[in-house]
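Here's the structure, in structure tokens; my notes come after.
Per chain, numbering begins at 1; letters A, B, ... match sequence-line order.
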Amino acid sequence: MQPGKKHSMPKLPLAFYRSPDVLRIGRQLLGKFLVTRLDGRLAGGMIVETEAYAGPEDRASHAYGNRRTARTDVMFWNGGVAYVYLCYGLHCLFNIVTGREGVPHAVLIRALQPVDGVEAMMQRRRKTRVDRTLAGGPGSLTRALGIRVEHSGMDLRGARIWLEDRGVRVPLRNILAGPRVGVEYAGAHARRPWRFRIRANPWTSPA
DNA sequence: ATGTCGATTTGCT
DNA sequence: GCAAATCGACATA
């Protein structure tokens with residue numbers, strides 16, 4: 001391995017993010033790798049759980065009814081950037097904006113299987129063991145990777161936060177679709193099966 | 001100006 | 001199993 005080259009794998013191309021079908025992207029993101037180089041440390045893992053937020057019709061989305069505020073503005077941008085927001089006043093939640101400008105689609109990343117920079121993740125999470133809680137849960141994985149709200153709007157093909165295809169293929173039959181989490185207030189919309197998980201993957205939630 | 005509540009996690013009972 | 005933590009977005013006044 002040459003210095004400077006590291007083991008870099010192909011970053012996901014812009015076309016991946018620009019598809020109009022956010023549900024399909026939510027499934028395709030399973031098995032992809034989310035990697036950061038923040039605070040001088042490399043960290044990353046395989047995406048094992050996602051949740052899609054689909055356009056202005058989606059009651060569970062921050063952009064429901066095309067609500068556009070300082071916080072949600074990036075959801076309306078062209079696909080391929082990060083949407084990071086503060087939840088419950090303390091957790092930063094990381095989303096991938098998809099589709100085209102003006103249509104607010106996003107995919108929340110809910111869990112990672114830790115792969116790169118496990119030491120850095122353990123330090124940031126103050127954990128002494130590598131278990132499911134290290135990067136499982138949307139607030140936990142951002143903490144593990146060093147992602148914060150100031151990274152909202154960041155290009156996902158840059159040098160700080162990016163996604164890679166390392167050749168892992170997750171066939172449809174190995175994808176579980178279920179209701180989204182924590183959005184009961186959205187009524188019937190919350191029950192749409194827009195949360196995706198890799199079947200029987202120990203790094204995702206058991207239920 | 002004030003009040004409510006959230007795409008959650010953690011620690012204590 | 002439950003509630004605290006903690007802040008900003010939003011609704012209501």
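Taking 4.0 angstrom as the limit, A:Arg125 places a side-chain polar atom (N or O) nearer than this to OP1 or OP2 of B:dT10. Listed pair A:His62 / B:dA7 meets the phosphate criterion, a side-chain N or O lying under 4.0 Å from OP1 or OP2. At B:dT8, none of the side-chain N or O atoms of A:Arg143 fall inside 4.0 Å of OP1 or OP2 (strictly under the cut-off).
With a 4.5 Å cut-off on side-chain heavy atoms, A:Pro138 and A:Ile109 do not count as touching.
Along DNA chain C, the stretch of nucleotides lying under 4.0 Å from any heavy atom of chain A spans, 5' to 3', C:dA5 to C:dC10.
In this structure, A:Tyr53 packs face-to-face on the six-membered ring of B:dA7, meeting both the 5.5 Å centre cutoff and the 30° plane limit.
Nucleotide B:dT9 holds its C1' atom 18 Å from the CZ atom of A:Arg124, rounded to whole Å. Going from atom CG of A:Leu90 over to atom P of B:dG11 covers 12 Å, rounded to whole Å.
In this structure, the side chain of A:Arg18 engages the main chain of A:Gly79 through a donor-acceptor pair within 3.5 Å. Put simply, the side chain of A:Ser152 never gets that close to the backbone of A:Val149: no donor and acceptor are under 3.5 Å apart. One N or O on the side chain of A:Arg180 and one on the backbone of A:Ala52 form a donor-acceptor pair closer than 3.5 Å. Distance alone, capped at 3.5 Å, is enough to place a donor-acceptor pair between the A:Arg124 side chain and the A:Ala144 backbone.
Contacts of A:Ser140 with the nucleic acid, taken as non-hydrogen atoms under 4.0 Å apart, involve only primed sugar atoms and P, OP1 or OP2. As judged by a 4.0 angstrom heavy-atom cut-off over every strand, A:Arg67 is placed among residues touching the sugar-phosphate backbone only.
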Full working for side-chain contact (heavy atoms from CB on, under 4.5 Å) between A:Leu34 and A:Leu141: CA-CA 10 Å; A:Leu34 174 61; A:Leu141 72 92; 4.3 Å; yes
Would you check, one step at a time, whether the test side-chain contact (heavy atoms from CB on, under 4.5 Å) holds for A:Ile47 with A:Leu163? CA-CA 10 Å; A:Ile47 297 170; A:Leu163 282 97; 3.7 Å; yes
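Applying the side chain to side chain contact (heavy atoms under 4.5 Å, CB included) criterion to A:Arg24, with sequence neighbours excluded, gives A:Ser19, A:Asp21, A:Arg27, A:Gln28. For A:Tyr85, the ring-ring contact (aromatic ring centres under 6.0 Å, His included) partners two or more places apart in sequence, or in a different chain, are A:His62, A:Tyr83. Among residues two or more places apart in sequence or in another chain, the side chain to side chain donor-acceptor pair (under 3.5 Å) test is passed with A:Ser140 by A:Arg125.
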Starting at the 5' end of DNA chain B, what dot-bracket string do you get if Watson-Crick and G-U pairs under 3.5 Å are bracketed, crossing pairs use [ ], other-strand pairs use | and unpaired bases use dots? ||||||.|||||.
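Contacts of residues 92-99 of chain A with DNA chain B (heavy atom under 4.0 Å): A:Leu93, A:Asn95.
With respect to the salt-bridge test (charged N to carboxylate O, under 4.0 angstrom), the residues A:Arg37 and A:Asp116 do not qualify.
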